[in-house]
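Working notes, beginning with the structure itself.
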Amino acid sequence: MTDPTSEYESLTIRLSDDGRDVARIERELASFAVETPSWGYGDSGTRFGVFPQPGRPRDVFEKIEDAAEVHRLTGAAPAVAFHFPWDEVEDYGVLRDYLARLGLRVGAINPNLFEDPDYRLGSLTNPDAGIRSKAVDHLLACVEIALALGGDAQSLWLADGTNYAGQDDLRARRRRLEDGLGRLYERLPEGHELLVEYKLFEPAFYATDIADWGSAVLLCQRLGPRARVLVDLGHHAQGVNVEQIVALLAHEERLGGFHFNNRKYADDDLIVGSVNPLELFLILCELVNADRDLPRLTIDQSHNIEPKVQAMVLSVLNLQEAYAKALLVDRDALAAAHGAGDVLAGHEILLDAYNTDVRPLCAAVRTRKGAAADPVAELRASGYSERIAAARSGSGAAAISGGSPR
Ligand code: RM4
Ligand code: MN
Ligand code: MN
């Protein structure tokens, strides 16, 4: 067996010899944090079927327990993003206390304007003013939930769109959308932000009302400085250069955050970095390059056949590693290559960082934080999956740790 300590030592010695500030890289890596989504722990499927998994959470408290396990193992997932009404509870004080008891905090609040039968022709863009008001009321209720949970962000993906040319007036829909979001924005508490997510298609198949980053950024510009764009990695056409979108949004100070996942075809919501790890690395390079605090980072996945906690752990690890590689990029050398107009020198510098095996570095940083050197192995050895499968099999209100909050 290889000795992890010596792997760490030879890596850090080589990096220091190459002029990298290893202490700084480790500090940045240690503070890396991503929100995990409550909806990523529950059952999900495709329109063809759902495969229930043993140990699946029966309520939002059990989702929080799974999120706490992911954080315990990785040390990098301290916040949970929620989705309403999916995560509705009677008393948000209880939910807030439960998060704190498990060492977590609230992430972004995601309003849901896509399931109510009233929204068949749209929510904020619906031709019916009564339905539009109902949608705005839900957005405002989500602001109250954020306040009750101690959160400070609304993260909205709008499913609105049309299926056929001529179905509705595209410009009228845009005006209704601006009006509805304007009503939310004017009630956004100080210090809160509004993230506007775009998606090319699905469920609408002809014209989605916020289909791309351009439509999203135009809305944000109308709303105000606390409205920023959220980039979901599965929401573009094939071949789109996502890292360039990230660079442009950062330049415009409109980069609000991310929904990390990976896809091969459409909005596949697969494990982060599982299909296109190079793209993930290049996106993180843009974030490092922006020279400011990282924006809100969230995982948005839906695991249909894979064990959910393990899939989430792997996603966090892949993100940590991509971030570590982005931190390794020799930015002075890169700038010099750009200045010299050398076509391939900069490319080589990026590949050198990308091809570095940063796993020993990430493991060392995790261990120092009290997380696991090898989180997947530790998860498998811990018996967590078996415990939740047993505890959550009945219809009772069992909690895995910390007792029942209910
Ligand atoms: C959408 C979008 C949203 C997510 C829902 C569940 O495709 O990515 O962010 O909240 O799925
Ligand atoms: Mn998303
Ligand atoms: Mn999506």
Side-chain angles (χ1 to χ4, degrees), residues 34-47 50 57 60 63 67 79-88 106-116 119 122-124 135 138-139 142 145-146 151 153-161 181 193-205 208-213 215-216 219 227-238 240 242 245-246 249 255-276 279-280 283 295-304 308 311-312 315 319:
V34 60
E35 301 181 4
T36 70
S38 69
W39 61 96
Y41 297 103
D43 268 339
S44 57
T46 66
R47 63 199 166 110
V50 176
V60 63
K63 293 176 185 174
V80 185
F82 292 101
H83 221 298
F84 294 99
W86 290 343
D87 295 325
E88 220 162 53
V106 64
I109 300 301
N110 292 246
N112 179 329
L113 294 177
F114 49 84
E115 280 191 324
D116 190 304
Y119 299 144
S123 58
L124 295 173
H138 175 62
L139 297 180
C142 284
I145 294 174
Q154 297 292 315
S155 185
L156 176 68
W157 167 64
L158 195 79
D160 290 21
L181 286 184
E193 61 176 347
L194 170 63
L195 305 179
V196 180
E197 180 174 358
Y198 57 90
K199 174 168 160 173
L200 178 63
F201 81 102
E202 197 203 25
F205 294 119
T208 295
D209 288 293
I210 312 178
D212 55 23
W213 70 275
S215 350
L219 273 174
R228 287 184 279 266
V229 180
L230 183 136
V231 178
D232 182 312
L233 268 56
H235 288 191
H236 307 88
Q238 289 286 3
V240 164
V242 181
I245 294 173
V246 173
L249 289 173
L255 181 63
F258 286 85
H259 273 178
F260 286 111
N261 49 52
N262 223 172
R263 63 85 174 268
K264 192 157 179 66
Y265 300 107
D267 191 18
D268 306 345
D269 280 333
L270 298 171
I271 292 169
V272 179
S274 60
V275 182
N276 195 343
E279 178 190 68
L280 181 64
I283 288 170
R296 187 175 293 268
L297 308 178
T298 308
I299 289 173
D300 179 10
Q301 289 177 183
S302 161
H303 304 124
N304 303 332
K308 286 161 192 290
M312 201 63 81
S315 293
L319 266 165

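Numbering of residues begins at 1 and proceeds along the displayed sequence. Atoms within a ligand are numbered from 1 in the order they appear, just like the ligands themselves.
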- Task: Taking ring pair (Phe, Tyr, Trp, His ring centres under 6.0 Å) as the test, write out the residues that go with His83, two or more places apart.
- Result: Trp39, Trp86, Phe114
- Note on the structure: shortest atom 10 (O) of ligand 1-to-protein heavy-atom contact is with His83 NE2, 2.8 Å
- Query: His235 to ligand 1: N or O pair under 3.5 Å?
  - Reply: yes
- Message: Side chain or backbone, does Asp232 bring an N or O within less than 3.5 Å of an N or O on ligand 1?
- Response: yes
- Quick check, are the ring centers of His138 and Phe84 under 6.0 angstrom apart? no
- Message: Please work out, at 4.0 Å between heavy atoms, whether the side chain, the backbone, both, or neither of His259 comes within that distance of ligand 1.
- Response: side chain
- Message: Among all the protein's non-hydrogen atoms, which is closest to atom 4 (C) of ligand 1, and how far away is it?
- Response: Asp300 OD2, 3.5 Å
- Message: If the cut-off is 4.0 Å to any non-hydrogen atom of Glu197, which atoms of ligand 1 fall inside it?
- Response: 2 (C), 3 (C), 8 (O), 9 (O)
- Message: Run the salt bridge (charged side-chain N to carboxylate O under 4.0 Å, His left out) test on Asp267 and Lys199 for me, step by step, so that the C-alpha distance in whole Å, both residues' side-chain angles and the decisive distance to 0.1 Å come before the verdict.
- Response: CA-CA 9 Å; Asp267 191 18; Lys199 174 168 160 173; 2.8 Å; yes
- Between the side chains of Asn262 and Asn276, does any donor sit under 3.5 Å from an acceptor? no
- Item | Near the Mn ion (ligand 2) (under 2.8 Å) - protein N, O or S atoms | Glu197 OE2, Asp232 OD2, His259 ND1, Asp300 OD2
- Message: Arg296: which residues meet the salt bridge (charged side-chain N to carboxylate O under 4.0 Å, His left out) condition with it, sequence neighbours left out?
- Response: Glu35, Asp152, Glu193
- Ignoring hydrogens, just give me the one of Asn112, Asp267, Asn261, Leu195 whose non-hydrogen atom is nearest atom 7 (O) of ligand 1. Asp267
- Measure from the side-chain N and O atoms of Asp160 to the backbone N and O of Ser123, and report whether any donor-acceptor pair falls under 3.5 Å. yes
- Any donor and acceptor pair, going by atom type alone, linking the side chain of Lys264 with main-chain N or O of Val275 inside 3.5 Å? no
- Message: Using every non-hydrogen atom in the two residues, find where Glu197 and Asp300 come nearest and quote the distance to one decimal.
- Response: OE2-OD2, 4.3 Å
- Message: Which residue and atom name correspond to the protein heavy atom nearest atom 5 (C) of ligand 1, and how close is it?
- Response: Trp157 CE3, 4.0 Å
- Message: Whether the side chain of Asn110 engages the backbone of Phe82 through a donor-acceptor N/O pair (distance < 3.5 Å, no angle test) should be reported.
- Response: yes
- Message: Check this for me - ligand 1, Lys199, N or O atoms closer than 3.5 angstrom, yes or no?
- Response: yes
- Message: According to ring pair (Phe, Tyr, Trp, His ring centres under 6.0 Å), who are the partners of Tyr41, at least two apart in sequence or on a separate chain?
- Response: none
